[in-house]
Protein chains: 2
Amino acid sequence: MSLSREQVLGHALAILDQYGFADLSMRRLATSLGVQPGALYWHFANKQTLLTAVAEAILSPRPPVCVPTGSAGTGSAPTAWEPAVRTWACGLREALLSHRDGAEVVASVLAVRPATLDPAGEIAAVLMAHAMAAAQARAAGMALLHFVIGHTVDEQGNAAMAEFGVAQAVDTEAQERFAAGLDLFVAGLGVRLSGGGG
Amino acid sequence: MSLSREQVLGHALAILDQYGFADLSMRRLATSLGVQPGALYWHFANKQTLLTAVAEAILSPRPPVCVPTGSAGTGSAPTAWEPAVRTWACGLREALLSHRDGAEVVASVLAVRPATLDPAGEIAAVLMAHAMAAAQARAAGMALLHFVIGHTVDEQGNAAMAEFGVAQAVDTEAQERFAAGLDLFVAGLGVRLSGGGG
DNA sequence: ACCTGAACACCGTTCAAGT
DNA sequence: ACCTGAACACCGTTCAAGT
């Protein structure tokens, strides 16, 4: 039986989890599939395309954000923005943490702006539904995205060092830093959204 | 005359500015210096060390942040935290923008936690001087750092695409997104610092 | 002290040719 | 349709040997 896209993707995730992003090469992936390097280029145009699929696989287990459906004039919206923002940020971080170097992979993929992947747009939609201007919501969404990804790259980098017996108090410190950073965003959003509503 | 560290560093910055981060290889750098690849390893232990020096060169032109010197009990501090935060963030972004792919280089170097480079610590010191708890100040400093670097990586990625004639309205949009994101941080910090002042 | 020469163990990608 | 074989143009790093 011939190779499938899903098989290649599965082995890519396996190499990522076992050996890390630096060891996820096309040649190593081919070896793990018992195939010549060139064979991979039948299923994926290039490494970038493969990595985009890997990033999508990392992010796709997240639940969709709950965008309020109420119209703008009916007073306070049916779903609160604050838990939505917190759930989105925590869910994103957990998805990134669920694979070794997940944050680094997703960061490298988002850097090339794939049309299929726009996590910032998800949370920007929520903010717009709460009467925030489109440009402001987009800016807030991207700032939140940069924070979550930057933080998690950091966190996973620390985890990689912890294998060499540095410490694991680093883990709880990272978690607290994430919570504090998220609180800062929520506080800032609160000034705009709770204060002058609409 | 023999090669000096400064010469190597200077040529590395020149390659970065002309050809970008992806083309900054040890072999290309050696060729540009008229020397064999192995010669570089007399002056720098490895590529990581060289890149750290490049990142330091990118960040060092920034002015030091102005940490207030007043003691904690004398009421409001002599220097305001808000302009300090804004100046630090804008100065960081400008330093990153001053070299092609500067944000990407600095991001890759900060990922390995060099002891000599801690931009988040600079602004955390300011917040602590304004009676913010150490852990909170550290978290805020890192969140700000992740935002500025993430944003600028994005901005420079767009600039690279703009060479292929996409648009340059992207430039002003990026600038406005940066301003809006920074405003969000300042608003969040204001809830903590202006409200219950130390 | 500082560099060359030459190797080692890798990369991503292409493409004629096979089946 | 799908893969092999083999090449092309690269990487970072090491290290004996030269000067």
Side-chain angles (χ1 to χ4, degrees), chain A residues 1-16 18-56 100-101 104-114 157 160, chain B residues 1-16 18-56 100-101 104-114 157 160:
Chain A
M1 203 188 81
S2 62
L3 233 51
S4 72
R5 252 182 94 97
E6 278 70 34
Q7 260 180 84
V8 177
L9 188 53
H11 274 78
L13 280 163
I15 291 177
L16 186 64
Q18 287 185 39
Y19 307 101
F21 191 26
D23 286 349
L24 179 49
S25 68
M26 295 301 267
R27 297 183 99 100
R28 202 189 222 277
L29 179 53
T31 300
S32 113
L33 287 160
V35 102
Q36 295 297 316
L40 300 176
Y41 291 84
W42 180 262
H43 301 277
F44 291 92
N46 46 43
K47 189 178 184 181
Q48 189 58 56
T49 308
L50 191 253
L51 285 180
T52 301
V54 170
E56 281 165 357
R100 161 119 83 129
D101 295 339
E104 214 180 326
V105 172
V106 170
S108 79
V109 168
L110 288 181
V112 303
R113 274 165 245 317
Chain B
M1 205 189 82
S2 61
L3 233 49
S4 71
R5 254 182 92 97
E6 279 72 33
Q7 261 179 84
V8 177
L9 188 54
H11 274 78
L13 281 163
I15 290 177
L16 186 65
Q18 287 185 40
Y19 306 101
F21 191 26
D23 285 349
L24 179 49
S25 69
M26 295 301 267
R27 297 183 100 102
R28 201 187 223 278
L29 179 55
T31 300
S32 113
L33 287 160
V35 103
Q36 295 298 315
L40 300 176
Y41 291 84
W42 180 262
H43 301 277
F44 291 92
N46 46 42
K47 190 179 184 181
Q48 189 58 55
T49 308
L50 191 252
L51 285 180
T52 302
V54 170
E56 282 165 357
R100 161 117 86 127
D101 294 337
E104 212 181 328
V105 172
V106 169
S108 79
V109 167
L110 289 180
V112 304
R113 275 166 244 317

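Scope of the values below: all heavy atoms of this structure, side chains included, with no hydrogens, waters or symmetry mates. Naming convention: chains lettered A, B, ... in sequence-line order (proteins, then strands); numbering from 1 in each chain.
A distance of 8.0 Å separates CZ in B:F44 from CE in B:M26, rounded to the nearest 0.5 Å.
The side chain of B:M26 has D:dG12 as its nearest neighbour among D:dG12, D:dC3, C:dT13.
Taking side-chain N and O atoms only, A:Q36 has no distance below 4.0 Å to OP1 or OP2 of D:dC3. For the pair B:W42 and C:dC2, the criterion of a side-chain N or O lying under 4.0 Å from OP1 or OP2 is met. Here A:H43 reaches the OP1 or OP2 of D:dC3: one of its side-chain N or O atoms lies under 4.0 Å away.
Heavy-atom distances to DNA chain C give each of A:L24 and B:R27 a nearest nucleotide, and the one nearer the 5′ end belongs to B:R27. If you find the closest nucleotide of DNA chain D to A:A39 and to B:K47, the one lying nearer the 5' end belongs to A:A39.
Atoms CG (B:D23) and C1' (D:dC11) sit 12 Å apart, rounded to a whole Å. Between the OH atom of B:Y41 and the C1' atom of C:dG5 there is a distance of 16 Å, given to the nearest Å. Rounded to an integer number of Å, the gap from CG of B:L40 to P of C:dC3 is 9 Å. Following rounding to the nearest Å, B:R5 (CZ) and C:dC3 (P) show an atom-to-atom distance of 14 Å.
Across all strands shown, D:dA1 pairs with C:dT19; the Watson-Crick or G-U wobble distances both stay below 3.5 Å. Here D:dA9 sits opposite no nucleotide as a Watson-Crick or G-U wobble pair (both hydrogen-bonding atom distances under 3.5 Å).
Residues A:R5 and A:A53 come closest through the heavy atom pair NH2-CB, 4.4 Å. Minimum interatomic distance between B:K47 and B:S25 (heavy atoms only, all atoms of both residues): NZ-CA, 4.2 Å. Closest non-hydrogen pair, A:P114 versus A:V109, comes out as CD-O, 3.3 Å.
Here, C:dC10 and D:dA9 have their P atoms 22 Å apart, quoted to the whole Å.
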